[in-house]
Chemist: 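Below is the structure I would like to discuss, written out as structure tokens.
Just so it is clear, the values below take in all heavy atoms, side chains as well, and ignore hydrogens, waters and symmetry mates.
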Amino acid sequence: MAAPSMGGVSLPRGNGQTVRLPRGASLTDLAERINAQPAALVTALFHLGEMVTATQSVNDETLQLLGAEIGWVIQVVSPEDEDRELLETFDLTFGDEEGDEGDWSIRPPVVTVMGHVDHGKTKLLDAIRNANVVAREAGGITQHIGAYQIVSELEGEERPITFIDTPGHESFTAMRARGAKVTDIVVLVVAADDGVMPQTVEALNHAQAADVPIVVAVNKIDKEGANPAKIRQQLTEYGLVAEEYGGDTMFVDVSATTRQGIDDLLAAILLTADASLDLRANTEQDPQGVVIEGKLDKGRGPVATVLVQRGTLRQGDSIVAGDAYGRVRSLLDEHGNKLKEALPARPVQVVGLTSVPRAGDTFLVVEEDRVARQIADRRQARIRNAQNASMRKRISLEDLDAALKETRQLNLIIKGDNSGTVEALEEALMKIEVSDDISLRVIHRGVGGITKSDIDLALADDVIVLGFNVRAEGQATELANREGVDVRYYTVIYQAIDEIEAALKGMLKPEFEEVQLGTAEVREVFRVPRIGNVAGSLVRSGTIVRNSKARLIRDGAVVADNLTVESLRRFKDDATEVREGYECGIGLGSFNDIKVDDVIETFEMREKPRE
């Protein structure tokens, strides 16, 4: 049944029926689902005050606004649901499934280390696995996720434990949250000499939201001023009550420097896993898991660190991870040693993908390379549409005049050493808010060195290229220098954020504020040939300055504004300024409506400093 919409546009009335659309769908996609003409939907949205082309990605709110107007319930499918539906078309599923009891085996616990920046998380892991990671981190801050497996001993039995080291800087909140989603146990590191800090609470919230057991490692107990008892008391406010206080949370005092308490911490992790969790996985199902990080290796190409969650990943498997796919050419452990297979809860590096997947992407193994490619292509299209929709700024008819005026935009290209870092940096930069008429747009992001094609893209518009732990390569450096492309290199994320924020503030139009200079009371009015009326005045406050702006006030009301002190005299001499308590003659140019007892107020407009 067709129902007329605004402007005489005829559209099929939905009568409350539901239409499911992927995030970032276009009006053409909607038209196909409801059997309508895309042009009719464009016109309908125009009458609702939104200007969108038929093939443009549309954000969720606009789709739902249009749906409500024409009687359809628009249900925007989440990426997770869409991914599930996509896999179902290939008779695939993601997640734990039932299987024969004989196929299930005990797996190691996956432990995520969290806590406030500089409380010693990475040093603690360093002590656990005897590998100096901190020395390789710029500014001593962990800037990507690493996954490692160590072997501990409990009651004479060797037990492996998988550790995920999440970054501590607040810019990596999203990555840290992602770490909590793949973990079984959280080790919350709190410095005994510092106490509970904002990121400690933030990490605790992530862990509690993921509903995982928490073991508290009270670090730096060897330092002067350390007070482990204070930490236990502080954390009771957040629901973590130590076992010695009658609670169920294990607290372990450790020192990453002296290695004191490390064995106790590992034992506490294993005891917590045994008491609270049933850690088993099906080793015979199709391998699936999560990408922990991705990077571009010069010798091996795209390399993804993945955590196998079920099944057994083997060399030669056809794998799809996010929008990347390929055949597993080799499997490497955290030390670079080759593995033939990776069992559940085993972090492993995968070589052989076509591109670098993003941190947090799911991976799965399929039977054929063709199926892997099709799934990856569809995921890539979905991600691209969602990004286009989120980048599109809504412009209503009321805003058209403002939109047509000059709005300034800072364009960026972000390249980094791994996908998690690039994603976190982009997210942090997009949160910078300076002004409504200044926008920030990331036109390209990627993993690996800055290439000639990046510089070519930067030349198309005024683009700043950010390199995070990567450099420009050969021809790219020459081209950037020759064409004057602004390429900036960073190794610490907050330096990049501070500089881009400063650049955005520099693009702002200057703001001015009025500063009063002085006031003068008119005592007598003189008529001067070729000049006009001159106010014989007494300066009541401040200073009257020649060529300053002025306004005339009579009986408390402004008679004239936007005047200028064109002449200023002390007796017969010209003056540049006259201070409080002195008499002077003030000429306001061609303005002659001056009377005795009027007040002349002078001021200047000064640029406001940006905060």
Chemist: Do other residues, nucleotides or ligands put more than 12 heavy atoms under 6.0 Å from Lys220 NZ?
Modeler: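 Counting neighbours around NZ of Lys220, more than 12 heavy atoms of other residues, nucleotides or ligands fall under 6.0 Å, so yes.
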Chemist: Check this for me: Asn227, atom CG, are more than 12 non-hydrogen atoms of other residues, nucleotides or ligands nearer than 6.0 Å?
Modeler: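 Yes, because the 6.0 Å sphere around CG of Asn227 holds more than 12 heavy atoms from other groups.
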Chemist: Surrounding CD of Glu153 (heavy atoms of other residues, nucleotides or ligands, distance under 6.0 Å), is the total greater than 12?
Modeler: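 More than 12 within 6.0 Å, yes.
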Chemist: Provide the closest heavy-atom pair for Leu240 versus Phe251 in the form atom of the first, atom of the second, distance.
Modeler: O-CZ, 4.1 Å
Chemist: If you look at every heavy atom in Asp333 and Gln349, which pair is closest and at what distance?
Modeler: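 Scanning both residues, the minimum pair turns out to be O-OE1, 4.1 Å.
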Chemist: Would you say that Phe163 contacts Ile269 through its side chain, given a criterion of any heavy-atom pair below 4.5 Å between the two side chains?
Modeler: yes
Chemist: Could you check whether any side-chain N or O of Thr183 sits under 3.5 Å from a backbone N or O of Thr112, counting only pairs where one atom can act as donor and the other as acceptor?
Modeler: yes
Chemist: Out of Val306, Val348, Val350, Val365, which one pairs with Val328 under the side chain to side chain contact (heavy atoms under 4.5 Å, CB included) rule?
Modeler: Val350
Chemist: Are any non-hydrogen side-chain atoms of Ile128 and Ile161 less than 4.5 angstrom apart?
Modeler: no
Chemist: Might you work through the side-chain contact (heavy atoms from CB on, under 4.5 Å) test for Leu188 and Thr200, ending with a clear yes or no?
Modeler: CA-CA 8 Å; Leu188 184 64; Thr200 312; 4.2 Å; yes
Chemist: Would you check if the side chain of Asp184 reaches a backbone N or O of Ala273 as a donor-acceptor pair within less than 3.5 Å?
Modeler: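 No; zero donor-acceptor contacts below 3.5 Å.
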Chemist: Test your reading of the model: is there a side-chain donor-acceptor pair from Thr354 to the backbone of Tyr325, 3.5 Å cut-off?
Modeler: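 Such a contact is found between Thr354 side chain and Tyr325 backbone.
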Chemist: So which atom in Arg232 and which in Ala242 form the shortest heavy-atom distance, rounded to 0.1 Å?
Modeler: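 Where Arg232 meets Ala242 most closely, the heavy atoms are CG-CB, 4.3 Å.
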Chemist: Is the closest side-chain heavy-atom distance between Leu270 and Glu157 below 4.5 Å?
Modeler: no
Chemist: Looking at Pro347 and Glu334, what are the two nearest heavy atoms and their distance?
Modeler: O-OE1, 4.3 Å
Chemist: Can you see which heavy atom on Thr283 is nearest to which on Pro344, and at what distance?
Modeler: CG2-CD, 3.9 Å
Chemist: In Å and rounded to the nearest 0.5 Å, what is the CG to CG distance from Leu425 to Leu466?
Modeler: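 Between atom CG of Leu425 and atom CG of Leu466 there are 6.5 Å.
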Chemist: According to side chain to side chain contact (heavy atoms under 4.5 Å, CB included), who are the partners of Gln75, at least two apart in sequence or on a separate chain?
Modeler: Thr18, Arg20
Chemist: Could you check whether atom CD of Glu244 has more than 12 heavy atoms from other residues, nucleotides or ligands sitting under 6.0 Å from it?
Modeler: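 Atom CD in Glu244 is crowded, with more than 12 foreign heavy atoms closer than 6.0 Å.
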Chemist: Would you say CD of Glu158 has more than 12 non-hydrogen atoms from neighbouring residues, nucleotides or ligands within 6.0 angstrom?
Modeler: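 Result for CD/Glu158: open.
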Chemist: Mind checking whether Ile414 and Phe468 have side chains closer than 4.5 Å, heavy atoms only?
Modeler: no
Chemist: Would you give the length of the straight line joining atom CD1 of Ile497 to atom OH of Tyr490, rounded to the nearest 0.5 angstrom?
Modeler: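 One finds 10.5 Å between CD1 of Ile497 and OH of Tyr490.
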Chemist: Yes or no on side-chain contact (heavy atoms from CB on, under 4.5 Å) for Thr162 and Arg346, after CA distance, side-chain angles and deciding distance?
Modeler: CA-CA 7 Å; Thr162 296; Arg346 182 72 172 97; 5.8 Å; no
Chemist: Verify side-chain contact (heavy atoms from CB on, under 4.5 Å) between Val241 and Thr249, making sure each step is shown before the conclusion.
Modeler: CA-CA 6 Å; Val241 183; Thr249 303; 5.7 Å; no
Chemist: Would you compute the distance between atom CD1 of Ile319 and atom CZ of Arg329 and round it to the nearest 0.5 angstrom?
Modeler: 13.0 Å
Chemist: Begin from the C-alpha positions of Val442 and Leu429 and carry the test side-chain contact (heavy atoms from CB on, under 4.5 Å) through to its verdict.
Modeler: CA-CA 9 Å; Val442 177; Leu429 292 176; 5.6 Å; no
Chemist: So, Lys415 side chain and Gly449 main chain: donor-acceptor pair closer than 3.5 Å or not?
Modeler: yes
Chemist: Kindly indicate whether the side chain of Val422, heavy atoms from C-beta on, has any atom under 4.5 Å from the side chain of Val356.
Modeler: no
Chemist: Report yes or no: does Asp454 contribute a side-chain atom to a donor-acceptor pair with the main-chain N or O of Thr451 at less than 3.5 Å?
Modeler: yes
Chemist: Quick check: do Leu331 and Lys340 have side-chain heavy atoms less than 4.5 Å from each other?
Modeler: no
Chemist: Distance from Asp417 atom CG to Arg471 atom CZ, nearest 0.5 Å?
Modeler: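 So the CG of Asp417 and the CZ of Arg471 are separated by 13.0 Å.
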Chemist: Distance from Glu501 atom CD to Lys431 atom NZ, nearest 0.5 Å?
Modeler: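 Between atom CD of Glu501 and atom NZ of Lys431 there are 13.5 Å.
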Chemist: Does Glu243, at its CD atom, have more than 12 non-hydrogen atoms belonging to other residues, nucleotides or ligands within less than 6.0 Å?
Modeler: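 For Glu243, atom CD is crowded (more than 12 foreign heavy atoms under 6.0 Å).
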Chemist: Quick check: are there more than 12 heavy atoms from other residues, nucleotides or ligands sitting under 6.0 Å from CG of Asp248?
Modeler: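 At most 12 heavy atoms, drawn from other residues, nucleotides or ligands, come within 6.0 Å of this atom.
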Chemist: Tell me, do Leu235 and Ile231 make a side-chain contact under 4.5 Å, heavy atoms counted?
Modeler: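 With C-beta onward as the side chain, the pair touches.
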Chemist: With the threshold set at 4.0 Å, does a side-chain nitrogen-carboxylate oxygen contact exist between Glu426 and Arg445?
Modeler: yes
Chemist: Using modelled atom types only, decide if a donor and an acceptor are shared between the side chain of Arg159 and the backbone of Ser152 within a distance under 3.5 Å.
Modeler: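 Answer holds: no.
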Chemist: Is it the case that atom CD1 in Ile106 sees more than 12 heavy atoms from other parts of the structure closer than 6.0 Å?
Modeler: no
Chemist: If you take all heavy atoms of Ala345 and Pro108, which pair is closest and at what distance?
Modeler: CB-O, 3.4 Å
